[in-house]
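Beneath this line is the structure, given in structure tokens, with notes to follow.
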Amino acid sequence: MALDGPAERRDEAQAAMGNGNGVTPPPLRPAGRPSGAPACADRRLRLNPNMEHKPQDYSDVRGEYAPAVYSALERHLPPSVLDANREIKLQLMREVLGHYWPHGERNKVQRHREYRQRILNHYKSAAGSWYKRAQLVGQEPLHKELYKMRPSSFFLPTFLEAIRTNTEESFRSIMTEPVPGVYSFAMLQPNFCEMLLQEVENFEKWVHTMKFKIMRPNTMNKYGAVLDDFGLEVMLNQFMEQFIAPMSTVLYPEVGGGTLDTHHAFVVEYGKDRDVELGFHVDDSEVTLNVCLGKQFSGGELYFRGIRCENHVNSETQHEEMFDYSHVPGRAVLHRGRHRHGARPTSSGLRINLLLWCRREMKKYQKDFSGWCGECKREKKERQIHAVKATKLAFLRGAGGATI
């Protein structure tokens with residue numbers, strides 16, 4: 001089974017939690033410890049995050065790690081460090097991350113950050129002003145209104161009302177759940193879909209004109225674009241936090257749906273002279289949103305084959321886990337990242353989909369996946385059945401011996 005990997009892998013900060021029992025980072029060099037830094041003995045990370053602690057703002061920090069990584073990791077720092085100044089906490093967190101994140105991975109992410117900055121410098125700035133070079137080549141973002149969150153222009157009224165009410169009942173009132181854990185609902189305005197399609201096409205033409213090498217969404221898709229790379233990251237992060245996280249909190253609590261803090265957003269393209277199909281895989285996410293943007297096409301159904309943890313990702317599919325989903329423009333499908341799936345061939349036309357991989361940078365260490373992995377559930381049930389049988393057998397033997 002092929003497993004997706006995004007163009008920029010999530011920072012593997014969760015590895016810093018070691019085997020789940022907490023971890024003491026490597027000792028600081030005495031000469032490198034700032035004045036006031038806590039002693040090494042006080043630097044053991046917390047296993048569970050301190051949710052009452054409000055992390056400092058790291059949005060201005062540049063380097064190998066996303067600001068969300070520092071914000072998430074700060075909640076795991078020991079009490080003796082939480083009140084230290086930001087520079088001390090940053091140094092400690094950087095050493096922790098550097099110790100557990102391979103040098104090759106850091107270089108890979110740094111190259112992607114540099115690539116993204118070149119795009120932003122020439123196509124659109126993070127602040128929304130347009131650069132002169134983009135004007136010189138006769139190309140600038142087509143729909144500036146896409147770069148700021150405009151809920152009433154982006155989403156259907158029925159969806160917005162369900163989010164505003166923010167209850168499980170309101171969410172389920174607009175959804176269907178054809179198989180456990182897969183939800184389908186009407187979400188996007190047709191005009192938003194059309195504008196996003198045009199913006200992606202405009203960006204791809206500009207990349208070709210500028211002779212940039214475009215980075216594709218993941219290792220499996222050879223066509224499409226990463227939306228975060230050309231200025232849509234802030235809007236899409238609000239998309240996740242304000243409109244996906246409320247649903248995930250209710251529908252996927254067992255995989256941390258209420259603590260999503262980062263995303264990887266992209267479009268994929270299927271059809272003639274594009275990708276045709278997508279192999280069986282799981283996503284590099286806790287929760288995945290998949291919305292068809294258009295255009296005219298036939299085929300391309302998603303097929304789902306059960307939720308699995310890493311240990312059971314290649315296990316057999318049970319009949320009740322099989323489900324095929326047909327795309328409809330503007331309609332979304334929401335599922336766990338570990339829900340195995342693939343895409344059947346798009347037989348005609350062009351199909352373009354928006355995908356939002358929603359993630360937690362700091363994942364709580366888990367040993368028991370029986371709350372959501374289909375195979376773990378079956379194994380747990382079998383163990384319970386065997387335990388009951390063994391108890392009955394022992395009781396009957398004991399009763400028989402007492403009779404004699």
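Predicted model, so just to flag it, every value in this text is computed and none were measured.
- Closest heavy-atom contact between K295 and P329: O-CG, 4.4 Å.
- With hydrogens and angles left out, the side-chain atoms of H143 and Q198 include a donor and acceptor closer than 3.5 Å.
- Relative orientation of the Y303 and F280 rings is parallel, given thresholds of 30° and 60° on the angle between their planes.
- The nearest pair of heavy atoms linking F192 to S153 is CB-O, 4.0 Å.
- Remark: of the listed residues L278, N353, V276, L278 is the sole one forming a side chain to side chain contact (heavy atoms under 4.5 Å, CB included) with Y270.
- Judged purely by atom type and a 3.5 angstrom limit, Q189 uses its side chain to pair as donor or acceptor with the backbone of F155.
- In this structure, the side chain of D275 engages the main chain of K222 through a donor-acceptor pair within 3.5 Å.
- Using the six-membered ring where Trp is involved, F323 and Y325 have ring planes that are tilted, between 30° and 60° apart.
- Contact detail for A343 and E277: the closest heavy-atom pair is O-CB, 3.3 Å.
- E199 and Y147 are linked by a side-chain donor-acceptor pair at a separation below 3.5 angstrom, with hydrogens and angles left out of the test.
- Here the side chains of L156 and M187 are not in contact, with every heavy-atom distance at 4.5 Å or above.
- Applying the 6.0 Å contact sphere to CG of D83 captures no more than 12 heavy atoms from other residues, nucleotides or ligands.
- If you check the side chains of T167 and S170, you find a donor sitting under 3.5 Å from an acceptor.
- Ring geometry for Y58 against Y70 counts as tilted: the plane angle lies between 30° and 60°, on a 0 to 90° scale.
- With R359 contributing its side chain and H264 its backbone, the two residues share no donor-acceptor pair below 3.5 Å.
- Comment: R308 engages E321 in a salt bridge, judged by a side-chain N to carboxylate O separation of less than 4.0 angstrom.
- Ion pair R172/E177 flagged as a salt bridge, since at least one NZ, NE, NH1 or NH2 atom sits closer than 4.0 Å to an Asp/Glu carboxylate oxygen.
- Checking side-chain atoms of N50 against main-chain N and O of E52 turns up a donor-acceptor pair under 3.5 Å.
- Between C358 and I244, the closest heavy-atom pair is SG-CG2, 3.9 Å.
- The main-chain N or O of I307 is never found under 3.5 Å from a side-chain atom of R338 such that the two would form a donor-acceptor pair.
- Within the 4.5 Å cutoff, no side-chain heavy atoms of L188 are placed close to those of F159.
- The shortest side-chain heavy-atom distance between Y183 and T176 does not fall under the 4.5 Å cut-off.
- Nearest heavy-atom pair across K89 and E74 is NZ-OE2, 3.2 Å.
- Side-chain atoms of R331 and S184 include a donor-acceptor pair closer than 3.5 Å.
- Of the possible polar contacts, none joining the R44 side chain to the L77 backbone as a donor-acceptor pair under 3.5 Å is found.
- For the pair R75 (side chain) and H53 (backbone), a donor-acceptor distance under 3.5 Å is present.
- For an aromatic pair to be called close, the ring centres must be under 6.0 Å apart, and F266 with W357 satisfies this.
- There is no side-chain donor-acceptor pair under 3.5 Å between Q91 and E87.
- You'll find the side chain of F243 stays beyond 4.5 Å of the side chain of Q238, heavy atoms only.
- Of all the heavy atoms in L293 and L197, the pair that sits closest is O-CD1, 3.6 Å.
- Remark: R340 does not engage D283 in a salt bridge, criterion side-chain N to carboxylate O under 4.0 Å.
- Between H335 and F304, the distance separating the two ring centers is shorter than 6.0 angstrom.
- A donor-acceptor pair under 3.5 Å is absent between the side-chain atoms of E286 and the main chain of G257, judged by distance alone.
- Using a 4.5 Å heavy-atom threshold, the side chains of R351 and H327 count as touching.
- Within a 6.0 Å radius of CD in E169, other residues, nucleotides and ligands contribute 12 heavy atoms or fewer.
- Of the possible polar contacts, none joining the S348 side chain to the F297 backbone as a donor-acceptor pair under 3.5 Å is found.
- Side-chain atoms of L251 and M175, non-hydrogen and from C-beta on, do get closer than 4.5 Å to each other.
- E241 and N237 form a side-chain donor-acceptor contact under 3.5 Å, judged by distance and modelled atom types alone.
- The main-chain N or O of G279 is found under 3.5 Å from a side-chain atom of H281 such that the two form a donor-acceptor pair.
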